[in-house]
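Working notes, beginning with the structure itself.
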Amino acid sequence: MSDLPTPLERARSVSRDRALTEQADQHAITLESILAVLRSGRLADAAARREAT
């Protein structure tokens, strides 16, 4: 019995990796956007919090 993954297992693994990478990228973009609003000097603290949510 071989310990190597089958082609189907490899394809599923690649697909999961790709989906996780895309999800992580989207989360990073969302977090950066929220932080940009909160760090902005153009809004008061309360207004920045409202804008970020």
Side-chain angles (χ1 to χ4, degrees):
M1 179 132 220
S2 174
D3 289 334
L4 296 174
T6 66
L8 179 58
E9 290 170 333
R10 284 194 301 269
R12 286 179 177 162
S13 178
V14 168
S15 179
R16 276 192 305 271
D17 289 348
R18 190 174 297 127
L20 285 173
T21 299
E22 290 173 8
Q23 187 178 38
D25 290 346
Q26 284 296 324
H27 287 166
I29 290 168
T30 301
L31 180 58
E32 288 171 8
S33 299
I34 291 169
L35 289 175
V37 170
L38 293 173
R39 291 177 176 159
S40 173
R42 68 178 174 84
L43 296 174
D45 285 348
R49 284 191 210 95
R50 279 193 305 276
E51 184 79 20
T53 58

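Since the model is a prediction, treat every value here as computed from it, not as a measurement. Throughout, numbering of the chain's residues begins at 1 and tracks the sequence.
Arg16 CZ to Gln23 CD: the interatomic distance, rounded to the nearest 0.5 Å, is 14.0 Å. Here the straight-line distance linking atom OG1 of Thr30 with atom CG of Asp25 works out to 10.5 Å at 0.5 Å rounding.
Arg12 CZ: 12 or fewer foreign heavy atoms inside a 6.0 Å radius.
Judged by distance alone, with hydrogens and angles left aside, the side-chain atoms of Ser15 form no donor-acceptor pair with the main-chain N or O of Ala11 at under 3.5 Å. Under the 3.5 Å distance criterion, the side-chain polar atoms of Ser13 are left unmatched by any main-chain donor or acceptor of Glu9.
At least one side-chain heavy atom of Arg10 sits less than 4.5 Å from a side-chain heavy atom of Pro7. Looking only at side-chain heavy atoms (C-beta outward), Leu31 and His27 stay at 4.5 Å or farther from each other.
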